[in-house]
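What follows is one structure encoded as structure tokens, with my remarks underneath.
Numbering of ligands and ligand atoms starts at 1, following listing order. Keep in mind that what you see is a predicted model, and the values were worked out from it rather than measured.
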Amino acid sequence: MIIAIDGPAAAGKGTLARRIATALNLPYLDTGLLYRAVGRLVLDAAQDPADPAAATAAAKALTEEDLVRTDLRGPDADKAASLVASIPGVRAALLDYQRHYGDRNGAVLDGRDIGTIVFPNADIKLFVTASIDARAQRRHSELLHRGAAISLDAVKEDLKSRDEADRNRAAAPLKPAADATLFDTTNMDAEAAFFQALELIRNPSR
Ligand code: DC
């Protein structure tokens, strides 16, 4: 079984996908981590994440170890990931990894293009959204919790610009698959989102 969970940044995809995977006993892949790790490798090599040759080479050289680094979150990694994600060579290099991952035992995958490009025949496709204010609030409290000093406005602007880049890029832009179920979590906490999503998965026709 393949469950595709797509949507903009900080919509609650990761928390939801992880809980669904545990509940259904499926492996879980956070595909954003792949782009983050590629961005990191390029920064480590003192190269430019917007450079297609450098970023594509990094994507081809990616290993499992790169995915468990502890520096894949935070403003630098966010920015680098967003830049490498718009490069077609990077996306092509990461496609096989994602498909093999899902094909082994089924999986829950979250990202931006899982239902449109990576697994267009996924059994379940959810497109998770929330208002920009709700997403900014959530990401802001998460960052404060981790000790970052950043204003709510700065978080909101950053989310807006990354979403815009994800939506407007030519390669695999962020958009709901035609057959995806839209799932708006603006007025739900993580618990409510989990139970409602599980209900949708168990009774997809309702
Ligand atoms: O979900 P995230 O914030 O960890 O994703 C990091 C970046 O990678 C973000 O700019 C969108 C991009 N991404 C993508 O283009 N396709 C995916 N399947 C997952 C993430």
- [ ] Could you tell me whether R19 sits above the aromatic face of F194, with NZ or CZ closer than 6.0 angstrom to the six-membered ring centre and within 45 degrees of the axis?
- [x] yes
Using a 4.0 Å heavy-atom cut-off, which part of [X] comes near ligand 1: side chain, backbone, both, or neither?
X: S82; value: both
X: L174; value: neither
X: K79; value: neither

With D30 as partner, the option from R112, K13, R73, R36 fulfilling salt bridge (Lys or Arg N to Asp or Glu O under 4.0 Å) is R73
Just need the protein heavy atom nearest to [atom], so name the residue and atom and give the distance.
atom: atom 12 (C) of ligand 1; value: A85 CB, 3.7 Å
atom: atom 8 (O) of ligand 1; value: Y35 CB, 3.5 Å
atom: atom 6 (C) of ligand 1; value: R36 NE, 3.8 Å
atom: atom 20 (C) of ligand 1; value: G32 CA, 3.6 Å
atom: atom 7 (C) of ligand 1; value: A81 CB, 3.8 Å
atom: atom 19 (C) of ligand 1; value: T31 OG1, 3.3 Å
atom: atom 1 (O) of ligand 1; value: R112 NH1, 2.8 Å

Could you list which atoms of ligand 1 come closer than 4.0 Å to a heavy atom of [X]?
X: R162; value: 3 (O)
X: G111; value: 17 (C), 18 (N), 19 (C)
X: D166; value: 9 (C), 10 (O), 11 (C)

Under a 3.5 Å cutoff, is there a donor and acceptor pairing between the side chains of N203 and E199? yes
Discussion item. Between S131 and D133, is there a side-chain donor-acceptor contact under 3.5 Å, judged purely by atom types and distance?
Written reply: no
Nearest non-hydrogen contact to atom 15 (O) of ligand 1 from the set R91, R139, K13, Q98 belongs to R91
For a salt bridge (charged side-chain N to carboxylate O under 4.0 Å, His left out) check, start with the C-alpha distance between D6 and K125, then their side-chain angles and the critical distance, and finish with the verdict. CA-CA 8 Å; D6 291 303; K125 296 182 185 179; over 6 Å; no
Count I, L, V, M, F, W, Y as connected when their side-chain heavy atoms are under 4.5 Å apart, and connections chain through other members. Are L16 and L26 then in the same cluster?
yes
Worksheet item: Hey, is CG on D189 packed in by over 12 heavy atoms from elsewhere, all under 6.0 Å?
Response: yes
Check this for me, if you would: do R135 and D163 make a salt bridge, where the nitrogen-to-carboxylate-oxygen distance has to be below 4.0 angstrom?
yes
From the list I132, L174, D166, side chain to side chain contact (heavy atoms under 4.5 Å, CB included) with P8 holds only for L174
